[in-house]
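Worksheet for the structure shown next.
A, B, ... follow the sequence lines: proteins, then strands. Residue 1 opens every chain.
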2 protein chains.
Amino acid sequence: MESGPIAPRRGRPPVSDRQRQRQRLDISRHAVRLFAEQGVAATSGAQIARAAGVSERTLWRCFSTKESCVEPLLTESIGAFRAVLYAWPPEVGLTEHLRASYRPALASPSGGDTEAVLAVIRMTQDEPGLRAAYLMLRERAEETFTEVLAERTGRPVDALDVRVQAAAMSAVLKVATDDFAQAVAGQGITPEALRRHREQLADALGVVTRGPQEGGWDACGDSVAGHVAEAP
Amino acid sequence: MESGPIAPRRGRPPVSDRQRQRQRLDISRHAVRLFAEQGVAATSGAQIARAAGVSERTLWRCFSTKESCVEPLLTESIGAFRAVLYAWPPEVGLTEHLRASYRPALASPSGGDTEAVLAVIRMTQDEPGLRAAYLMLRERAEETFTEVLAERTGRPVDALDVRVQAAAMSAVLKVATDDFAQAVAGQGITPEALRRHREQLADALGVVTRGPQEGGWDACGDSVAGHVAEAP
DNA sequence: ATCATTATTGGCAGTCACTGACAATAAAGT
DNA sequence: ACTTTATTGTCAGTGACTGCCAATAATGAT
């Protein structure tokens, strides 16, 4: 694995990945704010670039698409779930682990991005371009779920059953997250809503990872009903 | 529900939805062929329009995006699975029903689109634009799964557990389909490969709808291993 | 400090996906 | 033939995105 004695570097060193992420995240924040204020269609690439204090050219170097500017912010949110997965002790069930330690990262990192993230997720319902970017991102996240599950079960990462399980978890997380974003639309994020979200997610993941708790399919509905906000 | 005595129509009648679908499907076939031949980037909207024998303007009236031209063809394929779902008798388990009656619609409708559909699915692995369109489509299909499940269980279509189940099924179907498309890449679609695909899908759906057959999570891998083509 | 070297950014021009507005045409009824 | 309504085509325009090169920044060597 030794790549030999590296020649002493010359010239300007490449910028660290850390810095790259910083830049992307910074741009992302401005883009999301503009999208929320004026809509996606009405926000131009030039406008995003100006707001972020970079040239339009570097904007397109960082993001291949106007809509993909939302990626870093959303990644921040999904990363929280991934972190919980990584900390999943082998002996305990996923449901219990989530109940115990899932404080949706929607609240944790870097502070104030939470509302913005939820706003984007809500926007993806009506803006096809954003939805597409959102789905692409979730699929990339699916891969990291696969890695976690593979390591946990000792199976290869490309085994079909591992990928299936990861895909199912990702899908469930998506539904629960979208639902949460809708639920806290008007009022802010209440601790109560957060608790309900965690319970829903734990229940739903339990269903796809272990099957309904008691009996057949029909029992499943009742077991979740207590946490479901019934829409008219 | 009566909308009153309709005034006798004047002027040219709107074209039937049937015709619209026909036109879209026709364009879709040409677009997919061109994408496969020269790549997505190298295929212009004008080129697709010319090939389909319509003006560029009507092309953009039919499809909002160059990449979304693949939709009708892919929809055709997913529709087959949906049909099997609709024919799912209440008393039998999903796994058995699939084993019995899932002859992947990838082969059935209108004949020769099968190879093209699989080609597109394979292309989505490398072409981000196509992948995005593919994911959007699958999410729309998810809604119809939700309807089927809701009717089957008597629960409302917007109930969270129903949506979760539908999302999980959709995700599983995606993984299995992508895997199948990869598996038959070089050689054509052999009956053997088709059988394996059906078995994998039935197994995988069994996992997310009923949990692993015997014991806990760890047993799951073994129960599927027989059907999994092990990659190096 | 100055120079050589390499990485990043900005400016500019060009292409192409996509849209709005309007003219042209097709398909009906009278 | 004339009116009415739905669809299609034409044309010009906007804006996302790319390739190319100059400008600048950050480092090591002299």
Side-chain angles (χ1 to χ4, degrees), chain A residues 5-28 30-31 34-35 38-71 127-130 132-133 136, chain B residues 5-28 30-32 34-35 38-71 127-133 136:
Chain A
I6 47 173
R9 303 280 302 118
R10 306 278 317 247
R12 173 179 184 167
V15 68
S16 70
D17 284 7
R18 208 77 198 139
Q19 293 244 313
R20 277 244 147 76
Q21 311 259 20
R22 282 258 169 232
Q23 187 181 38
R24 280 174 55 92
L25 183 58
D26 183 53
I27 296 178
S28 186
H30 289 283
L34 289 172
F35 286 164
Q38 350 168 338
V40 178
T43 305
S44 73
Q47 209 172 347
I48 300 176
R50 257 189 293 114
V54 297
S55 91
E56 200 177 340
R57 191 62 186 84
T58 57
L59 171 67
W60 299 128
R61 266 194 269 262
C62 288
F63 298 98
S64 60
T65 295
K66 181 170 74 165
E67 287 83 2
S68 65
C69 288
V70 303
E71 260 184 33
E127 300 268 5
L130 284 194
M136 295 280 284
Chain B
I6 48 174
R9 304 282 301 119
R10 306 279 316 248
R12 174 179 183 169
V15 307
S16 69
D17 284 6
R18 209 75 197 141
Q19 293 246 313
R20 277 244 148 76
Q21 310 259 20
R22 283 258 169 232
Q23 187 180 40
R24 280 173 56 93
L25 183 57
D26 183 53
I27 295 176
S28 187
H30 289 284
V32 166
L34 289 171
F35 287 162
Q38 352 169 341
V40 179
T43 305
S44 72
Q47 210 172 346
I48 300 175
R50 256 189 293 115
V54 297
S55 91
E56 202 177 338
R57 191 60 183 84
T58 57
L59 170 67
W60 299 128
R61 268 193 267 261
C62 288
F63 299 98
S64 60
T65 295
K66 181 170 73 165
E67 287 84 1
S68 66
C69 288
V70 303
E71 261 185 32
E127 300 269 4
L130 284 193
R131 191 72 186 174
M136 294 282 283

Expressed as a whole number of angstroms, how long is the span from A/W60:CH2 to C/dT9:C1'? 16 Å
Run the side chain to side chain contact (heavy atoms under 4.5 Å, CB included) test on A/E67 and A/E127 for me, step by step, so that the C-alpha distance in whole Å, both residues' side-chain angles and the decisive distance to 0.1 Å come before the verdict. CA-CA 10 Å; A/E67 287 83 2; A/E127 300 268 5; over 6 Å; no
Which pair of non-hydrogen atoms, one from B/A52 and one from B/D26, has the smallest distance, and what is that distance? O-OD2, 4.0 Å
Figure out the CD/C1' separation between B/Q47 and C/dA17, and round it to whole Å. 14 Å
Looking at every heavy atom in both A/F35 and A/V40, which two are closest together, and how far apart are they? CD2-CA, 3.8 Å
Counting primed atoms, P, OP1 and OP2 as sugar-phosphate and everything else as base, the B/S/- map of nucleotides 2-10 of chain D against protein heavy atoms under 4.0 Å is --BBBSBBB
With no hydrogens and no angle check, is any side-chain donor or acceptor of B/T65 less than 3.5 Å from a backbone partner on B/S68? no
Any residue of residues 63-71 of chain A with a heavy atom less than 4.0 Å from an atom of DNA chain C: none
Spacing between A/R50 atom CZ and C/dG10 atom C1', to the nearest angstrom: 16 Å
How close do A/A51 and A/L34 get, heavy atom to heavy atom, and via which atoms? CB-CD1, 4.0 Å
Smallest heavy-atom separation, A/I48 atom then A/K66 atom, equals CD1-CG, 4.2 Å
Expected output: side-chain B/S55 to main-chain B/R57 donor-acceptor under 3.5 Å: yes
Would you name the heavy atoms of B/A31 and B/C69 that are closest together and state the gap between them? CB-CB, 3.6 Å
